[in-house]
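Take a look at the structure below.
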Amino acid sequence: MLSNKYLLGFFVVTFLFLSFDNNNQYFLTIPKGFPNLQIPEDNKLTNERIHLGKKLFFDNILSRDSSISCASCHKPDHAFTDGLKKAVGIKNRSVTRNTPTLTNIAYNKNFLRDGVNPSLEAQVLVPIHEKNEFDFHILLAAERLKKKPSYVQLFEKAYGGIPTPKLITKAIASYERTLISGNSRYDQYIYQNKKHALSSSEKKGLKLFNKLYCVSCHSGFNFSNGEIVNNGLYEKYEDVGKMRVSLKEIDNGCFKVPTLRNIALTAPYMHDGSIQTLEEVIDHYMQGGNSHPNKHPFIKPFSLDKSDRKNLVLFLKSLTDSSFATIQ
Amino acid sequence: MKNFVFALFLFSCLTLLAQKEIVLRLNHTLNSSTFSYNDNFLLDGKQNRYTRLQYYLSGFELEHDAGQLTPLTNTYVLASGHINNYYLGNYNISSVESISFDVGVDANANGGNTTNYSAQHPLGPKSPPMDWGWPSGYFFVVANGLNDADNDNTPETIFQLNALGNQMLTQIDPININPINSNDTIYIDLKVNAEKFLSEINLSTAGIDHSSSATNFIMCNNAYTMNVFESYTSTNNVIQNSDLNNFIFIDYTLPFAPTINYHFDSNKKTNLTITDINGRVHTKEINLQNEGSYFPIKEFSTGIYIVSIDNGEHMIHKKFNVVQ
């Protein structure tokens, strides 16, 4: 009998412990039609981690002269882009590429425009060390955070430790994993059975998107097959894309197929921000792009009349998730 | 049972006693003279100077005690031109016959993230950085310096060869060694012909190259083909007591956070102090090694500072500036 009592006590304690743990655990809301998101075993999501990561993302403290934050370039109301042709870092230094959206970023298998970075955690170091972005050092950043009692407390709550390079990258990656967008009118139409969520022009645009070859690269729930390909933007690329790491000619001009979600909010377009509007993007594809030995065979000229071109653009604009653009 | 535990205890004591500390001693040279950042060295008829030389070694294997092979798994060395001694671990080894290793980092570790290691670990975050933030992955060999492109006998043209990419990993065949045994330490002495990393490369036009380029491939491959690493019998086993070769050399890769490279010939511990020109003390460290790369994890404002290092016998100073 006595031992049963003990057993009961043990269960009660375990239950309390588990439920305490569950309180902290954060469960992502996965939109209808989206696959589950894999979260690394060693960086499970909790409210405290996300809260800390978000604070870091919006805090100028990570740039050397404390002038800019991640959010200076990845602005929430622009679906985490900046509206500039090319990004601008500390002391107005110009970055060589256009800021990409962080919409559904955690669903990516590789990172950066040319996909050469292996994880969200590892990617955090890039802007911190890059001369034209934060121009700082992760060890000095950790040291700064250690001097702020409020951060020391937040790190302790989130990870049970003091600010370290490892925990900085984990916290920011945790926040980025929550940047999920799946409530555009397109989603309401396709996944939420709302027949009238798209207008008839937008529905025509959607048909075109599928009939033309767009969907072979911009495929699936996130409008990207994740591949690194050449879409014929140039005959000669100033930025050679993936080739800058591989040095193989077949990778010249190859960039990651970007998601098209929230595309109306993320102009200008392409890795260098060289195309201003969605109409001009369609024109680029209609011409079959520029000739380049690596241009993907899918990219071929086609013709659209004025109204079809307009419908295609209207469809692309229906991919905007206004609830995502207003998250803070 | 008791007897067994006691026997186990005795056995563990004995194995612990038999363990020896293995130290790899990389005697860096430039055309067979002691390596230095301040002296020019001749290569292919031109004067050159190193401002930074760092490289990774991994995949160590020791042949010891009459032909036994022991791989030193998870042992990484981040070598610098001015640092000789690298601790490889404690092993049950009484005499070493040869050593083999790779220049670079194995593919598995190379695909990881520096922040998974502490700053003290060779694969941890370093300053100046040894990883290429963009694709992640380590610089296998970093050779930075000046070349006398205009043939006036003064090197002035910057070369910055930072090699990265798994394909750069270069195997070094076993090198027979004449180990120096002290009671509890085995020193494995190698000569490093540092100038040979740069053989067959046009340094006047190499420029700034942080990539997997053909040039960087040649540099890594030189480690093998040009015999950068050779066996070496240490002549100065006796600890020197001269300050001739003591120096401080500042690495300005990050102008806002310079790194202090220093070397004392004697193996006594050192103390380091950084003051500003008004004599205000900003950093004080005691019991540092006799040689190293000291990165003050501290933000200095723009200005001139003085670093002093002493080992109880000799004291050296150097001015450096910080540009925020």
Side-chain angles (χ1 to χ4, degrees), chain A residues 40 42-43 61 63-67 90-91 96-97 110-144 146-147 163-173 240 242-248 251, chain B residues 107-121 123-139 162-168 208-217 253-259 283 293-302 322-324:
Chain A
D42 65 352
N43 195 19
I61 197 166
S63 58
R64 176 152 65 84
D65 61 1
S66 299
S67 62
I90 70 163
K91 300 177 196 272
T96 54
R97 289 181 176 169
N110 42 51
F111 300 89
L112 300 183
R113 290 275 186 187
D114 39 16
V116 298
N117 195 288
S119 74
L120 262 187
E121 276 82 358
Q123 196 284 327
V124 172
L125 291 176
V126 175
I128 294 178
H129 285 169
E130 176 60 20
K131 190 170 167 47
N132 295 329
E133 295 184 33
F134 290 167
D135 193 20
F136 204 33
H137 195 283
I138 188 71
L139 293 172
L140 295 174
E143 200 60 22
R144 255 191 207 175
K146 272 190 232 165
K147 294 206 177 110
T164 61
K166 183 178 182 163
L167 297 184
I168 294 170
T169 62
K170 282 187 164 187
I172 293 180
V240 294
K242 191 182 172 190
M243 182 184 163
R244 98 198 145 117
V245 176
S246 72
L247 288 154
K248 292 190 186 115
D251 292 328
Chain B
N108 190 30
N110 200 33
N113 184 345
T114 54
T115 64
N116 287 333
Y117 307 90
S118 77
Q120 286 73 39
H121 191 282
L123 298 176
K126 294 288 165 224
S127 187
M130 280 305 290
D131 64 308
W132 201 34
W134 292 99
S136 125
Y138 294 89
F139 291 134
N162 295 15
L164 60 104
N166 288 332
Q167 64 273 38
M168 302 279 158
I208 295 179
D209 183 353
H210 299 190
S211 76
S212 328
S213 67
T215 308
N216 282 334
F217 187 76
T253 305
L254 301 183
F256 59 91
T259 293
T283 297
S293 290
Y294 180 77
F295 177 54
I297 304 182
K298 192 163 204 165
E299 292 179 58
F300 293 100
S301 43
T302 299
V322 171
V323 185
Q324 282 296 348

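Bear in mind that the values here come from a model prediction, so they are computed numbers and not experimental data. Chain identifiers are assigned alphabetically (A, B, ...) following the order of the sequence lines, protein sequences preceding nucleic acid strands; residue numbering begins at 1 within each chain.
- Top candidate by heavy-atom pairs under 4.5 Å with chain B, chosen from A:Leu140, A:Leu167, A:Val124, is A:Leu140.
- Proximity to chain B (any heavy atom under 4.5 Å) is restricted, for A:Lys91, to the side chain, taken from C-beta onward.
- The environment of B:Tyr117 atom OH is dense: over 12 non-hydrogen atoms of other residues, nucleotides or ligands sit within 6.0 angstrom.
- Only the side chain of B:Phe295 comes within contact range of chain A, judged by heavy atoms closer than 4.5 Å.
- In this structure B:Ser211 satisfies the side chain to side chain contact (heavy atoms under 4.5 Å, CB included) test together with A:Leu247, B:Asp209, B:Ser213, B:Asn216, sequence neighbours excluded.
- Looking only at distances, no side-chain donor or acceptor of A:His137 sits under 3.5 Å from a matching main-chain atom of B:Pro128.
- With a 4.5 angstrom heavy-atom cutoff, A:Glu121 touches chain B via backbone and side-chain atoms both.
- Heavy-atom distances place the side chain of A:Glu130, and not its backbone, under 4.5 Å from chain B.
- The line from CG of A:Asp135 to CG of B:Leu254 is 7.5 Å long, rounded to the nearest 0.5 Å.
- Chain B forms the most heavy-atom pairs under 4.5 Å with one residue out of A:Pro127, A:Ala142, A:Ser246, A:Ala122, and that residue is A:Ala122.
- Using a 4.5 Å cut-off on side-chain heavy atoms (C-beta onward), B:Lys298 and A:Glu143 make no contact.
- Residue A:Leu120 holds its CG atom at 11.5 Å from CG of B:Asn113, rounded to the nearest 0.5 Å.
- Rounding to the nearest 0.5 Å places CH2 of B:Trp132 at 15.0 Å from NE2 of A:His129.
- Taking every heavy atom of both residues into account, A:Leu139 and B:Pro125 meet most closely at CD1-O, 3.8 Å.
- Remark: A:Ile138 CD1 to B:Thr115 OG1 distance equals 7.5 Å, nearest 0.5 Å.
- More than 12 non-hydrogen atoms from other residues, nucleotides or ligands lie less than 6.0 angstrom from CG of A:Asp42.
- The distance from atom CZ of A:Arg144 to atom CD1 of B:Ile297, rounded to the nearest 0.5 Å, is 14.0 Å.
- Only the side chain of A:Leu112 comes within less than 4.5 Å of a heavy atom of chain B; its backbone N, CA, C and O stay farther away.
- Looking at A:Phe136, the atoms closer than 4.5 Å to chain B (heavy atoms on both sides) sit in the backbone and in the side chain alike.
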